[in-house]
Amino acid sequence: MSSPFSVSREDVAARDAADPLAPFRDRFDLPSDLYMDGNSLGPVSDDAERTLDRVVGEWRDRGIEGWTDGEQPWWEYAEYLGERLAPYVGADADEVVVANSTTVNIHTLIGTFLDRVADVPARELDAPDTVEDAVDASGNVVVANELDFPTDHYAIRAQFRQRGLDPDEHLRLVESRDGRTIELADIAEAMDDDVGILFMPTALYRSGQLFDVEALTELAHDHGALAGFDAAHTVGAVPHEFAAADVDFAVWCSYKYLNAGPGSIAGLYVNERYHGLAPALPGWWGNEKESQFDLELAYRPAESAGAWQIGTVPMLSAAPLEGSLDLLDEAGIERVREKSLALTDLLATLVEDLADAGYEYAVGTPRDGARRGGHVAVEHPDADRVSQALRERGVVVDYRPPNVVRICPAPLYVGFENVFAVAEQLRDVIESGDHEAFAASEGVS
Ligand SMILES: Cc1ncc(COP(=O)(O)O)c(C=O)c1O
Ligand SMILES: Nc1c(O)cccc1C(=O)C[C@H](N)C(=O)O
């Protein structure tokens, strides 16, 4: 069979040989040689295991003393990890903290800002704001988009309901023209004077379209609205400059490109001008550190992003992130992004070669690198069964309904030859008809 590909295996092998990030692959334990999960769950690294083991050891040897005497005292571990994450989102250390899950962080941040921008009865806050007139925006509408990951909408809708606002009226969804992407012009169209918050992903979970955070923030501000982002699909893969772009708030998870493990602690960013606002979901872990253990019934939120923490930092789901960040610091986010673009470009090219050769594959991700996150949506009419057949062959991918095989060549542990091998498998599954033996999938992937 002649090769349908415009690139040869020798070409890609040469690229691996010249790749400065190639050695990082050995720092990971990969469940499969072709671990291309896209990206729902990054794999474990030696570094993440090391810091997790260290904390478990501190728990064993020191017990409760770990709160103050841990190598990184657990007491301030969420702030410490916030400081470590700050360069990845382009923010000051006190604008970032790890806390909760992404969904919970959407609840508390959307709730906090809705209280200030929407026309709702003044809420009796458990603590007075210590910053006045910080929120220069108003409006009863949140603009999001119809291709969002659903949890974002569940949380926003619930926050509307809790304020007596009908979510069907107040959550405005920008529609997609092609089912894959969202156009800036259509977002601009939705930005009437009634919008208080524009809440967008930095990259769409299905197609991988990357948004221009700076342009969206400017758009929101020009319309008297705040700009918030769900950066779950980009932190650790794409560099961000949230403070320079004047983003108001953002959330993200650490189990995708940050490789901190299933359900690992999430991150949040709150622009420093809002430090001193009382959060919508208060808890004692968001109290200012100095008085937290006075255990007074009066709640005093920290004057930092730390205020949006709720309960005790979950040390065992935070500790792997420290090691992951050690590894990522070493690799360098600029090099990670550069290689990611090269890998996703190669994958898209090979998929287009297959399409040219008559296979029913299509690339559902923007080809312009500036509009592409870290994964590629490979579309196929039988994507569900093709994904299952790929997994059976050891190629770990995600299926995302209705027609996407989501493939993530993550630069820290995937090489150019790996991408070539995946493209060959995409071809071979169809050639063999292996996918036809599978039924429609059920459950998580
Ligand atoms: C954009 C986005 N936000 C949030 C989540 C999930 O949030 P949580 O970590 O709270 O389950 C996901 C996927 O897991 C996602 O893709
Ligand atoms: N986040 C996930 C999880 O905790 C378990 C299983 C799957 C997932 C996901 O990847 C959902 C997701 N955010 C997505 O991008 O499709």
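Just follow the structure's listing: the first ligand is 1, and inside any ligand the first atom is 1. Only heavy atoms go into these numbers, but all of them, side chains included; no hydrogens, no water, no symmetry mates.
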Taking [X] first and then [Y], would you say they form a salt bridge - that is, a charged N and a carboxylate O separated by under 4.0 Å?
{"X": "Asp246", "Y": "Arg273", "answer": "yes"}
{"X": "Arg335", "Y": "Asp19", "answer": "no"}
{"X": "Asp398", "Y": "Arg391", "answer": "yes"}
{"X": "Asp212", "Y": "Arg371", "answer": "no"}
{"X": "Asp434", "Y": "Arg385", "answer": "no"}

**Request:** Tell me whether the centres of the aromatic rings in Trp67 and Trp75 are closer together than 6.0 Å.
**Result:** no

**Message:** Is the distance between the ring centroids of Tyr274 and Phe249 under 6.0 Å?
**Reply:** no

**Flag side-chain contact, heavy atom, 4.5 Å: His223 against Val195** = no

Using a heavy-atom cut-off of under 4.0 Å, does the side chain or the backbone of [X] touch ligand 1, or both, or neither?
{"X": "Asp152", "result": "side chain"}
{"X": "Thr103", "result": "both"}
{"X": "Lys256", "result": "side chain"}
{"X": "Thr102", "result": "both"}

**Complete:** A student comparing Thr151, Asp230, Thr234, Asp148 should find that the heavy atom closest to atom 2 (C) of ligand 1 comes from Asp230

**Asked** Can you tell which of Phe229, Phe149, Tyr205 gets a heavy atom nearest to atom 15 (C) of ligand 1?
**Response** Phe149

**Prompt:** For ligand 2, is there an N or O atom under 3.5 Å from any N or O atom of Arg400?
**Reply:** yes

**Request:** Consider every N or O of Tyr255 and every N or O of ligand 2, then say whether any pair is closer than 3.5 Å.
**Result:** yes

**Request:** Determine yes or no for a side-chain-to-main-chain donor-acceptor pair under 3.5 angstrom, with Asp129 supplying the side chain and Ala278 the backbone.
**Result:** yes

**Prompt:** For the side chain of Arg372 and the backbone of Thr344, is there at least one donor-acceptor N/O pair under 3.5 Å apart?
**Reply:** no

**Request:** State whether the shortest distance between N or O atoms of His233 and N or O atoms of ligand 1 falls below 3.5 angstrom.
**Result:** yes

**Item:** Nitrogen or oxygen of Tyr255 less than 3.5 angstrom from that of ligand 1
**Value:** yes

Subset of ligand 2 atoms that lie under 4.0 Å from at least one heavy atom of [X]:
{"X": "Lys256", "result": "10 (O), 12 (C), 13 (N), 14 (C), 15 (O)"}
{"X": "Tyr205", "result": "14 (C), 15 (O), 16 (O)"}
{"X": "Arg406", "result": "10 (O), 14 (C), 15 (O), 16 (O)"}

**Request:** Could you list the atoms of ligand 1 found under 4.0 angstrom from a heavy atom of Ser101?
**Result:** 10 (O)

**Asked** Is ligand 2 less than 4.0 angstrom away from at least one heavy atom of His233?
**Response** yes

